[in-house]
Amino acid sequence: MPVRHALATALGAAALLCAAVGPAAADTGERITVDPTGTVAADGTVTLSGTYRCTAGTGPVLVGSSVGQSDPRVQQGVGGGVALCDGAEHRWENSGKVVPGSVEAGPAHVQAALVELRPSGIVPLPWFHAVTERDITLVKD
C-alpha cells in the first residue's frame, strides 16, 4: 500500500474515531495554519499548504487537510503527511485527488489538523495537537 494511501486511510480512521471520542485540548503554542491560496489541477488534484508547530508526542503525528466548496457540510480529504514535532515551525503541503468535478477554481473552505495516534490498548486513539479552518481561494494549476 503506498505511503500516501496509508496516511489518508489512517487520517480517515482517526476522523471516524474523533466523532465518538471528541477532540482533546491542544497544548499552548501548538498551531497549524493554512495558506490563503491552494491549487486545483485539471485531473482533480488539489494541493493545500501552510505551517505547523507541535511538540513531541507518544505516537505518530499526522498533518491532515480537507477541502469543500458548494456544501459547507461536505469536506473531502486532501492527502496527509507525517509531522516533525520538535517545537519548531515547519511547512506542510498535502496533495490528493478529489471526486471529479466536485472542486474547481474559486472560493473554498479548508480544515487542517495535527492529529496524534496515541497508543491506547488495541486501537490507537486520535489526540489533536492543533486544528484550524480557513476560507481560501483555489487557483488552476
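When a residue number appears, it is its place in the shown sequence, counting from 1.
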- Message: Measuring from atom CD of Glu93 to atom OG1 of Thr51, what distance do you get when rounded to the nearest 0.5 angstrom?
- Response: 13.0 Å

- Query: Short question: side chain of Trp92, backbone of Val34 - any donor-acceptor pair under 3.5 Å?
  - Reply: no

- Determine the minimum heavy-atom distance between Cys54 and Leu114, stating which atoms define it. CB-CD1, 3.9 Å

- Message: With rounding to the nearest 0.5 angstrom, report the CG to NE2 distance, Leu62 to His129.
- Response: 10.0 Å

- Not counting sequence neighbours, which residues clear side-chain contact (heavy atoms from CB on, under 4.5 Å) with Thr58? List them please. Glu116, Arg118, Pro119

- Query: Stepwise, does the side chain to side chain contact (heavy atoms under 4.5 Å, CB included) test hold for Arg31 with Thr132?
  - Reply: CA-CA 8 Å; Arg31 64 184 171 275; Thr132 193; over 6 Å; no

- Query: At their closest point, which heavy atom of Val46 faces which heavy atom of Val78, and how far apart are they?
  - Reply: O-CG1, 3.3 Å

- Side chain Arg53, main chain Ala88, donor-acceptor under 3.5 Å: no

- Message: If the condition is side-chain contact (heavy atoms from CB on, under 4.5 Å), which residues does Thr37 pass it with, not counting sequence neighbours?
- Response: Val139

- Item | Sidechain-backbone polar pair: Glu133 side chain, His109 backbone, donor-acceptor under 3.5 Å | no

- Query: Within the side chain of Asp135, is there an N or O that forms a donor-acceptor pair under 3.5 Å with the backbone of Pro107?
  - Reply: no

- Of all heavy-atom pairs between Val63 and Ala83, which one has the smallest distance, and what is that distance? CG2-CB, 3.7 Å

- Message: So which atom in Val40 and which in Ala105 form the shortest heavy-atom distance, rounded to 0.1 Å?
- Response: CG1-N, 3.7 Å

- Task: Please name the pair of heavy atoms, one in Gly81 and one in Asn94, separated by the smallest distance, quoted to 0.1 Å.
- Result: N-OD1, 3.9 Å

- Query: Considering all heavy atoms of both residues, which atom of Ala108 and which atom of Val67 are nearest to each other, and what is their separation?
  - Reply: CB-CG2, 3.8 Å

- Residues two or more places apart in sequence or in another chain: which of them pass side-chain contact (heavy atoms from CB on, under 4.5 Å) with Glu104? Gln69

- Polar side-chain atom of Tyr52 near backbone of Ala113 as donor-acceptor pair, under 3.5 Å: no

